[in-house]
Amino acid sequence: MNNLAKHFIHIAAWLAIALAPAASRAADGSLLKPPPGARVAIVVFEDMECPDCARAYPVVWEAAKKHNIPVVLHDFPLQMHPWSFDAAVFARYFDSKSQKLGDDFRGFIFQNQQQIDKQNLRQWADKFASINNSPIPFVLDPDGQFKTKILADRQLGTQIGLQHTPTIFVVGNGGAATPAVEVEDRTKLDQIIEDMLQKAPAAPAAKKPIAKKAPAKKAAKK
């Protein structure tokens, strides 16, 4: 087979994938679960250099606040984005200080995304750190633990068949009764959450401690 024929075969294979129905290429969210104690959660795989992730970020958090459900973030930095992996490492550092600080850093980066590049990323991270009184050490990830967590997230995303960022799921705690739903149209996010909340079982009521009876006092002998 000559090189030209091979070239056309490769093009045909690429077109077959690109033109395949979206449903056949949808990510499989069956491995995703809400955090312990939550009935429903929004799970997001994101890349902090991705413009659409920046647009999705406020939509996701507004919906989570409205319905009082948690957001579970997974880092999925794309190879095509030169500073996204480094940004994820900074985010993991702030996560280690507090989950809120890590979430706020991601929002800060998304808000300023168009002004950030690989050369000035550290300056923007230091600016956020200064605002929040949480200085960044010179060696950010000495033992590689943050990098390991990012790679684990990326491996999970690859395993479930991610095709793009952001990939957003609404997941419930009911197992097969509440299969994960990928949110392809963000205008329907509220409705998907409401549907999932109707299907998800309520958290079991906390058991009241059984009151111990005080031992009966013996009457004193006269």
Value rounded to 0.5 Å, distance of [atom1] in [X] from [atom2] in [Y]:
{"X": "Lys118", "Y": "Glu49", "atom1": "NZ", "atom2": "CD", "answer": "9.0 Å"}
{"X": "Ile192", "Y": "Leu189", "atom1": "CD1", "atom2": "CG", "answer": "6.5 Å"}
{"X": "Leu140", "Y": "Asp86", "atom1": "CG", "atom2": "CG", "answer": "9.0 Å"}
{"X": "Asp47", "Y": "His74", "atom1": "CG", "atom2": "NE2", "answer": "15.0 Å"}
{"X": "Ile109", "Y": "Trp83", "atom1": "CD1", "atom2": "CH2", "answer": "6.0 Å"}
{"X": "His81", "Y": "Cys53", "atom1": "NE2", "atom2": "SG", "answer": "8.5 Å"}

Shared hydrophobic cluster for [X] and [Y] (ILVMFWY, side-chain gaps under 4.5 Å):
{"X": "Leu162", "Y": "Leu151", "value": "no"}
{"X": "Val72", "Y": "Ile42", "value": "no"}
{"X": "Phe128", "Y": "Trp61", "value": "yes"}
{"X": "Val171", "Y": "Leu197", "value": "no"}
{"X": "Val43", "Y": "Val170", "value": "no"}

Under a 4.0 Å threshold between the charged nitrogen and the carboxylate oxygen, would [Y] count as salt-bridged to [X]?
{"X": "Lys147", "Y": "Asp75", "value": "no"}
{"X": "Asp195", "Y": "Lys199", "value": "no"}
{"X": "Asp103", "Y": "Lys100", "value": "no"}

(request) Report the C-alpha separation of Phe110 and Glu46 in whole Å, then their side-chain angles, then the decisive distance to 0.1 Å, and conclude whether the side-chain contact (heavy atoms from CB on, under 4.5 Å) test is met. (result) CA-CA 11 Å; Phe110 283 133; Glu46 65 184 16; 3.7 Å; yes
Heavy-atom pair of closest approach, residues [X] and [Y]:
{"X": "Met48", "Y": "Gln113", "answer": "O-NE2, 2.8 Å"}
{"X": "Ala27", "Y": "Phe169", "answer": "CB-CZ, 3.6 Å"}
{"X": "Phe94", "Y": "Ala129", "answer": "CZ-CB, 3.9 Å"}
{"X": "Pro166", "Y": "Val44", "answer": "CB-CG1, 4.4 Å"}
{"X": "Leu78", "Y": "Ser84", "answer": "O-OG, 3.6 Å"}
{"X": "Ala87", "Y": "Phe105", "answer": "O-CE2, 3.6 Å"}

(request) For Phe146 and Val89, run side-chain contact (heavy atoms from CB on, under 4.5 Å): C-alpha distance rounded to whole Å, both residues' side-chain angles, the deciding distance at 0.1 Å, then the answer. (result) CA-CA 6 Å; Phe146 303 145; Val89 174; 4.3 Å; yes
In the structure I gave you, are the side-chain heavy atoms of [X] and [Y] within less than 4.5 Å of one another anywhere?
{"X": "Arg154", "Y": "Gln79", "answer": "yes"}
{"X": "Tyr93", "Y": "Asp141", "answer": "no"}
{"X": "Thr167", "Y": "Thr165", "answer": "no"}
{"X": "Val40", "Y": "His67", "answer": "no"}
{"X": "Gln159", "Y": "Leu31", "answer": "yes"}
{"X": "Lys127", "Y": "Phe108", "answer": "yes"}
{"X": "Leu32", "Y": "Phe45", "answer": "yes"}
{"X": "Val60", "Y": "Val183", "answer": "no"}

(message) When you compare the side chains of Asn132 and Ser134, does any donor N or O come within less than 3.5 Å of an acceptor on the partner?
(response) no
(request) In sequence, state the C-alpha distance, the side-chain angles, and the governing distance for Arg122 and Ile136, and then conclude on side-chain contact (heavy atoms from CB on, under 4.5 Å). (result) CA-CA 10 Å; Arg122 174 71 191 227; Ile136 302 171; 3.6 Å; yes
(message) So for atom CD, which belongs to Glu62, do other residues, nucleotides or ligands contribute more than 12 heavy atoms lying within a distance under 6.0 Å?
(response) no
(request) Could you tell me whether Asn68 atom CG has more than 12 heavy atoms of other residues or ligands within 6.0 Å of it? (result) no
(message) For Asp95 and Leu101: C-alpha separation, side-chain torsions, deciding distance, then whether side-chain contact (heavy atoms from CB on, under 4.5 Å) applies.
(response) CA-CA 6 Å; Asp95 284 344; Leu101 198 60; over 6 Å; no
(request) Check for a donor-acceptor pair, side chain of Asn120 on one end and backbone N or O of Gln123 on the other, with a separation under 3.5 Å. (result) no
